[in-house]
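Quick note: numbers below take in every heavy atom, side chains included, and nothing from hydrogens, waters or symmetry partners. One-based numbering, in listed order, for ligands and for the atoms of each. We number each residue from 1, following the sequence as shown.
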Amino acid sequence: MSRRRLLVAVFLLGLVAAFFALDLGQYLRLEYFRSQQSAIEDFRRGNPLTASFIFLGIYVVVTSLSLPFAAVMSLAIGAVFGLLSGTLIVSFASSVGATLAFLSSRFLFREAVRNRFGGRLRAIDAGLEKEGAFYLFALRLVPAVPYIVVNLVMGVTPIRTWTFYWVGQIGMLPATIVYVNAGTQLATVKSLSGILSPTLIGSLVLIGIFPLIARHAVEVFKARRRLAKWPKPEKFERNLVVIGAGSAGLVAAYIAAAVKAKVTLIEKDRMGGDCLYTGCVPSKALIKSARLLAQAKRAREFGFKAMQVEFDFADVMERVQRVVRTVEPHDSAERYTRLGVECLQGEAKITSPWTVEVKAAGGARTLTTRAIVIAAGARPFVPPIPGLAETGYLTSDTVWNLRELPPRLVVLGGGPVGCELAQCFARFGSRVTQVEMLPRLLIREDPEVSELVARQFREERIDVRPEHKAVRVLRENGEKLLVCEHGGKEVRIPFDVLLCALGRVANTAGYGLEELGIGLTPARTVETDEFLQTLYPNIYACGDVAGPYQFTHTASHQAWYAAANALFGAVKRFRADYSVIPWATFTEPEVARVGLNETEAAEKNIAYDVTSYALEDLDRAIADGETQGVVKVLTVPGRDRILGATIVGEHAADLIVEFITAMKHGIGLNKILGTIHIYPTLAEANKYAAGNWKRAHAPQELLRWAEKFHAWRRG
Ligand SMILES: Cc1cc2nc3c(=O)[nH]c(=O)nc-3n(C[C@H](O)[C@H](O)[C@H](O)COP(=O)(O)OP(=O)(O)OC[C@H]3O[C@@H](n4cnc5c(N)ncnc54)[C@H](O)[C@@H]3O)c2cc1C
């Protein structure tokens, strides 16, 4: 706790202690008011304004210190000032007092709570940001939840102070009136508990939850009105139509078939989508060949004189296609038909929330369906750089058609796809220049991680050009040139082939979204809520088209939620769970990540401890000659709970699974340290990282005592 916080805490505790030590509570009891009622009323008659302010002030002090006398004070004010003035005084005093208690709690505890629970509060924060006012209103109306507790708990949430104030004032009004009114009959009030009868509490609870029910009802009503614009078929031929048979669509259709729904999967191109034909599968196949070549170049390191690898680039690219063809049956129409999915080849268009038109070679037909899952994927982003279209370029869609190795390749983009492909082509022998507008490669990773990759790239003679902004492409004397802006100057980079790897944009046009009014996010993905539902209650989206992540594993993860909600949403809906999202970049060194890294933790203002373990110390890494890399773990300060992990090095994407599991199931570093890891493996690095954490957090005082104990035992 900071000094300022400590001072404020001591001051407030001192006030509370003084209150009890001086037994000031005796003046805030019902009996005391009753005994002094006529004297106080006399004073109020002579000095109405002063009396109001004195009571208001005492009320504010009592409630801001969270002293449990608000109910008695409300009764007393009712007795002295009557219903109207009493309600006014209590309403403002309780709201101001509550807000001061709320601000104290925020100042004293918020940071500590954030630090301790960090990521786990994200979902709660998001909910409060959206519906915080409704929840607060309900809590204020329901007197079953103590006023003091609401003030203190709300202080650690992100709700705005002004919202807290006005929602509280309105929400507390009914209970204020009840108490002040009871105070006007103070003589008949026997005890505080008698004021709120079960019927009265029941009514307040109903009023409290009414806004939430009303809001839900409004949403259902709006959704129905949206649907009502479209003629609804009498009967539906299908339970679900899935548009796009990539990673997301395949899983959505599979889930639907597994739960015996009638499902149709429509694909306009090839079943398997990007991952199979232009993404994960071909890129990993190419990486394997390039890696073999890179290993051969290190022959001397492993005790060989030399290792000559003769190859034809076209053969390597043919092998990539063989790999794709081998994986192809996993995603084929035959397999999915056997699983119970109707697979249609054709271009789908949503013509109403209940109908999808399929245009195929044989003509068009319209399918009726209860629900639709959009899984239309994304495509490479090509920026409007002058001259680029005229000069020609490749993307991750078309690079697989190359059969001749480009002598000079420019890779535009320093993200995962750009890095993976830049290294592959450099290893085959292209002179690669990698151009990145931002200060470093893999910008989402920590600077030292980017540097590990960049250093390896430079060693492999890749010309890495950070802070280079591509401004135009031109041809000069028969040579293709990329012109970049760098440090206020123009830099010209000659090339034979340019590969655009600048990210991917969701496919959102041409299949009915515009006509249905389904909106897009600022990132140009289909707008969905946390259930992956679009504007229509029966249309869902998942995968690259929905974002925010663009990985095969997140696409299939979302697909489960989209399919389950589309089919069973009327009974139960599931919020997509993004609490633990891992990813990897398959360069050498490989980079894998789950949860927070230092850069993100700093951006989000989340406190952390960081523990690293360098692979150069690991026996297996030394034996394999793969000592480049690190395991880096972020934990909650002083605790072993994992906030995130980054692994750089051989098989990082496999090794990180231990941290993914740990984060998902709340396992801390102590448990990882207490788990037997096989010797000698790379996975031991995780355990050693946990060991480093343990050493850094060893209980020093206890160890000093242990030392004394052993000295004593030695005699
Ligand atoms: C080079 C590269 C490497 C990658 N490597 C990895 C990796 O290692 N790991 C990883 O997790 N991710 C990787 N990715 C990302 C991964 O490929 C995507 O996240 C994933 O394929 C997205 O799946 P999807 O189902 O959302 O979309 P897609 O696979 O794009 O599928 C969408 C499908 O919808 C079809 N479609 C679109 N509109 C219509 C319509 N109107 N009617 C009918 N069909 C339609 C399309 O033809 C397409 O087949 C890589 C991507 C690239 C480009």
Trainee: Any non-hydrogen side-chain atom of Val591 less than 4.5 Å from a side-chain atom of Glu445?
Mentor: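 When only atoms from C-beta onward are counted, Glu445 and Val591 do touch, with a gap below 4.5 Å.
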
Trainee: Identify, by atom number and element, the atoms of ligand 1 in contact range of Ser283, meaning under 4.0 Å from any of its heavy atoms.
Mentor: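 Once the distances to Ser283 are compared, the set is 3 (C).
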
Trainee: Any heavy atom of Lys284 closer to ligand 1 than 4.0 angstrom?
Mentor: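 Right, Lys284 reaches ligand 1.
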
Trainee: Please identify which atoms of ligand 1 are closer than 4.0 Å to at least one heavy atom of His553.
Mentor: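 Taking each heavy atom of His553 in turn, ligand 1 has 11 (O) under 4.0 Å.
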
Trainee: Under a 4.5 Å cut-off applied to non-hydrogen side-chain atoms, are Thr525 and Thr508 in contact?
Mentor: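 No, side chains not in contact.
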
Trainee: Could you tell me if any non-hydrogen atom of Asn507 lies under 4.0 Å from any atom of ligand 1?
Mentor: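 Distance cut 4.0 Å: Asn507 fails for ligand 1.
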
Trainee: Return the option from Gln345, Lys268, Glu357 holding the heavy atom at the smallest distance from atom 44 (N) of ligand 1.
Mentor: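 It is Lys268 that holds the nearest heavy atom.
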
Trainee: Name the orientation class of the two ring planes belonging to Phe428 and Phe311 (parallel below 30°, tilted from 30 to 60°, perpendicular beyond 60°).
Mentor: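 Plane angle between 30° and 60°, so tilted.
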
Trainee: Is there at least one pair of N or O atoms, one from Ala248 and one from ligand 1, spaced under 3.5 Å apart?
Mentor: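 It does: an N or O of Ala248 is found under 3.5 Å from an N or O of ligand 1.
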
Trainee: Distance under 4.0 Å to a non-hydrogen atom of Ile266: what atoms of ligand 1 satisfy this?
Mentor: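 Counting atoms of ligand 1 from 1, those under 4.0 Å from Ile266 are 43 (C), 44 (N).
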
Trainee: Check the angle between the aromatic planes of Phe551 and His553 and answer parallel, tilted or perpendicular using the 30° and 60° thresholds.
Mentor: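 Answer is parallel, since the angle falls under 30°.
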
Trainee: Working note: Val594 + Ile581, criterion side chain to side chain contact (heavy atoms under 4.5 Å, CB included); need CA distance, chi angles, decisive distance, verdict.
Mentor: CA-CA 6 Å; Val594 59; Ile581 300 286; over 6 Å; no

Trainee: Is the NZ or CZ atom of Arg270 positioned over Tyr277's six-membered ring, under 6.0 angstrom from the centre and within 45° of the axis?
Mentor: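 Yes, Arg270 and Tyr277 form such a contact.
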
Trainee: So is Ser247 polar-close to ligand 1, meaning N/O to N/O under 3.5 Å?
Mentor: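 Yes, Ser247 has an N/O under 3.5 Å of an N/O on ligand 1.
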
Trainee: Counting from 1, what ligand 1 atoms have a heavy atom of Ser396 closer than 4.0 Å?
Mentor: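 Reading through ligand 1 atom by atom, the close ones are 1 (C), 53 (C).
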
Trainee: Relative to ligand 1, is Tyr511 under 4.0 angstrom through side chain, backbone, both or neither, heavy atoms considered?
Mentor: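 Under 4.0 Å from ligand 1, Tyr511 contributes side-chain atoms alone.
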
Trainee: State the CZ-CG distance between Phe495 and Leu409, to the nearest 0.5 angstrom.
Mentor: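 Here the rounded value is 9.5 Å.
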
Trainee: Can you confirm, on distance only, whether ligand 1 has an N/O atom lying under 3.5 Å from any N/O atom belonging to Ala348?
Mentor: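 Yes, at least one N or O pair falls under 3.5 Å.
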
Trainee: Under a 4.5 Å cut-off applied to non-hydrogen side-chain atoms, are Arg465 and Thr433 in contact?
Mentor: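 Counting from C-beta outward, Arg465 and Thr433 do come under 4.5 Å.
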
Trainee: Among all protein non-hydrogen atoms, which one is nearest to atom 1 (C) of ligand 1, and what is the separation to 0.1 Å?
Mentor: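 Scanning the protein heavy atoms, the shortest distance from atom 1 (C) of ligand 1 goes to Thr278 O, 3.6 Å.
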
Trainee: Which residue holds the protein heavy atom closest to atom 34 (O) of ligand 1, what is that atom called, and what is the gap in Å?
Mentor: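 Here the closest protein heavy atom is Gly244 CA, 3.1 Å.
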
Trainee: Below the 3.5 angstrom mark, is there an N/O of Val545, backbone or side chain, next to an N/O of ligand 1?
Mentor: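 So ligand 1 has no N or O lying under 3.5 Å from an N or O of Val545.
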
Trainee: Output the distance between atom NE2 (His330) and atom CG (Leu250), rounded to the nearest 0.5 Å.
Mentor: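 So the NE2 of His330 and the CG of Leu250 are separated by 12.0 Å.
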
Trainee: Tell me, do Cys484 and Lys469 make a side-chain contact under 4.5 Å, heavy atoms counted?
Mentor: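 A side-chain contact under 4.5 Å is absent here.
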
Trainee: Mind checking whether Phe313 and Phe425 have ring centres under 6.0 Å apart?
Mentor: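 Yes: the rings meet the under 6.0 Å criterion.
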
Trainee: Which atoms of ligand 1 sit under 4.0 Å from any heavy atom of Gly377?
Mentor: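 Those of ligand 1 that fall under 4.0 Å from Gly377 are 26 (O), 27 (O), 28 (P), 30 (O), 32 (C).
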
Trainee: Looking only at protein heavy atoms, which one is nearest to atom 29 (O) of ligand 1, and how far off is it?
Mentor: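 That would be Asp274 N, 2.9 Å.
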
Trainee: Kindly indicate whether the side chain of Leu499, heavy atoms from C-beta on, has any atom under 4.5 Å from the side chain of Leu421.
Mentor: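 Of all side-chain heavy-atom pairs linking Leu421 with Leu499, at least one is under 4.5 Å.
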
Trainee: Taking only heavy atoms of Ala375 into account, list the atoms of ligand 1 that are under 4.0 Å away from them.
Mentor: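 So the atoms of ligand 1 that pass are 32 (C), 33 (C), 34 (O).
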
Trainee: Should one rank Cys275, Gly279, Gly272 by closest heavy-atom distance to atom 2 (C) of ligand 1, which comes out on top?
Mentor: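 Nearest option to atom 2 (C) of ligand 1, by heavy atoms: Gly279.
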
Trainee: Which of the atoms in ligand 1, numbered in the order shown and given with their element, are less than 4.0 Å from a heavy-atom of Gly543?
Mentor: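 With Gly543 as reference, the close atoms of ligand 1 come out as 26 (O).
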
Trainee: If you measure only the distance, is there a donor-acceptor pair under 3.5 Å linking the side chains of Glu357 and Tyr511?
Mentor: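 Checked: Glu357/Tyr511 side chains show no N/O donor-acceptor pair below 3.5 Å.
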
Trainee: Which residue from Asp397, Leu276, Asp544 reaches closest to atom 22 (C) of ligand 1 through any of its heavy atoms?
Mentor: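 It is Asp544 whose heavy atom sits nearest to atom 22 (C) of ligand 1.
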
Trainee: Who's closest to atom 13 (C) of ligand 1 heavy-atom-wise, of Ala501, Cys280, Gly273?
Mentor: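 Nearest heavy atom to atom 13 (C) of ligand 1 lies in Cys280.
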
Trainee: Do Tyr393 and Leu412 touch side chain to side chain, with heavy atoms closer than 4.5 Å?
Mentor: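 Side-chain contact under 4.5 Å: no.
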
Trainee: Is the shortest heavy-atom distance from the side chain of Glu590 to the side chain of Thr585 under 4.5 Å?
Mentor: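 Result no, sub-4.5 Å side-chain heavy-atom pair not found.
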
Trainee: Considering only non-hydrogen protein atoms, determine which one is nearest to atom 15 (C) of ligand 1 and report residue, atom name and distance to 0.1 Å.
Mentor: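 It is Gln550 O, 3.6 Å.
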
Trainee: Using a 4.5 Å cut-off on heavy atoms from C-beta on, say whether the side chain of Arg440 contacts that of Ile443.
Mentor: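 Yes. Closest side-chain heavy atoms under 4.5 Å.
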
Trainee: Around atom 31 (O) of ligand 1, find the nearest protein heavy atom and jot down its residue, atom name and distance.
Mentor: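 Checked against all protein heavy atoms, atom 31 (O) of ligand 1 sits closest to Gly246 CA, 3.3 Å.
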
Trainee: Could you check atom 20 (C) of ligand 1 against the protein and tell me its nearest heavy-atom contact, residue, atom and distance included?
Mentor: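 Answer for atom 20 (C) of ligand 1: Thr552 OG1, 3.6 Å.
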
Trainee: Report the nearest protein non-hydrogen atom to atom 37 (C) of ligand 1: residue, atom name, distance rounded to 0.1 Å.
Mentor: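 Its nearest protein heavy-atom neighbour is Ala376 O, 3.3 Å.
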
Trainee: Could you identify the single nearest non-hydrogen protein atom to atom 48 (C) of ligand 1 and state the distance to 0.1 Å?
Mentor: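 Looking at atom 48 (C) of ligand 1, the protein heavy atom closest to it is Glu267 OE1, 3.5 Å.
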
Trainee: Run the numbers for me: atoms of ligand 1, each under 4.0 Å from some heavy atom of Phe586, listed by number.
Mentor: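 Per the distance check, 8 (O).
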
